[in-house]
Amino acid sequence: MKKSLAIITILILCILAISCGGSFSSKEEAANVEETVSNEYIVVGFSQLGAESDWRSANTESMKAAFTTENGYKLIFEDGQQKQTNQITAIRTFIQQEVDYIVLAPVTETGWDTVLQEAKDAGIPVIIVDRMVDVSDDSLFTCWVGSDFELEGKKMAEWLKQYTLKEKIEPSDIHIVNIQGTIGASAQIGRTKGLADAATENGWDLMAEVTGDFTQAKGKEVMESLLKRYDNINVVYCENDNEAFGAIEAIEEAGKKTGSDIANGEIMVLSFDGVKEDAMNYVLQDKITCIAECNPLHGPRVKAIIEALEAGSTPEKYSYVDEEIYSASEVVKNLSLDGTHYDVTILTQDIIDQRSY
Ligand code: AHR
């Protein structure tokens, strides 16, 4: 509706310009027309937390592709560079700019109450995407869409349990290190809990939990030091693909081999996300044994929420995305968790070819 208003506004201004002599009399008038047009688009301020991973790049692309002028939007994109203070500043700027909607992909869960109260006081709906916020009053945001990170972690742990049971590997012989994500981020909290609970329950040797900040460089650095500290690591649980890439580099540089044959000295790498390049290809090469998907394509989902709000409906407060679990190994074909069954997708080149990210 806003877009058609914009078109009518342009037409009226053009008719006025023509009747006044055929063209705009100054650059200022032309600029005013432009300003009027941009005011008539739905203006979305998006505070992205950073660019730490391939997943994040795919997520940013998805948002930019959804909020185009062709679709009736003006997107103001701010990269928080992994700092909450930058994200808070971006939100305050969006409020000053009187955007129609604020979309926040928060770096960590806590510390948002004050700035979200400011957005609420200004009457601007806030949509949280990907990670969650932990606020004392959930009316401070309109709704959230993202992944069930703890379920991802539970699925991965259940896959490991089934695999080791079938391969007759004793729980006490499973020596795990966890390269965690950014501490305090929902993706870290959920995935760390999924593994830690399963380790306690199954009697696995969870030797270390160290943050790799969801980056390849830190993943490599952390893995190098873990390999120096422990000579019996046989499972590396990486809380995203980029950390897995770094860990694999460190393992190979230390003269060791990654793979699923842990009974014969290989180090099994488990990961989250499932980006096409290179994580999925690494699964086919048995460099990564299993990946719990984290889907980054939130642009159309957030756009659908805004469309619902524009139409006067109330979207679900929390929307969880369905996600898969991938392995090239056929040892475990399905999982059962709290009464729900999940098929393990046995990865093939065709499946990889069909992926868009
Ligand atoms: O919050 C989602 C996580 O953040 C993804 O797993 C990771 O790759 C990203 O950096």
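We count ligands from 1, going down the list as the structure has it; atoms in each ligand are counted the same way. Bear in mind the structure is a predicted one, so any value in this text is a computation, not a measurement. Values below: all heavy atoms of this structure, side chains included; hydrogens, waters and symmetry mates excluded.
- Remark: aromatic rings of Phe77 and Phe46 are close, center separation under 6.0 Å.
- Some N or O of Glu52 is nearer than 3.5 Å to an N or O of ligand 1, by distance alone.
- Listed by first and then second residue, the side chain to side chain donor-acceptor pair (under 3.5 Å) pairs that reach into residues 330-340 are Lys154-Asp338, sequence neighbours excluded.
- When only non-hydrogen protein atoms are considered, atom 2 (C) of ligand 1 lies nearest to Asp130 OD1, 3.3 Å.
- Within a 6.0 Å radius of CG in Asp231, other residues, nucleotides and ligands contribute 12 heavy atoms or fewer.
- Centroid-to-centroid, the aromatic rings of Phe272 and Tyr237 come within less than 6.0 Å.
- Looking at Ser327, Ser260, Ser329 one by one, the single match for side chain to side chain donor-acceptor pair (under 3.5 Å) with Asp286 turns out to be Ser260.
- Protein heavy atom at the shortest distance from atom 8 (O) of ligand 1 is Asp273 OD2, 2.6 Å.
- Remark: minimum distance from atom 4 (O) of ligand 1 to any protein heavy atom is reached at Arg131 NH2, 2.8 Å.
- Atoms of ligand 1 lying under 4.0 Å from at least one heavy atom of Ser53, given by number and element, are 7 (C), 8 (O), 9 (C), 10 (O).
- At least one heavy atom of Arg191 sits less than 4.0 Å from an atom of ligand 1.
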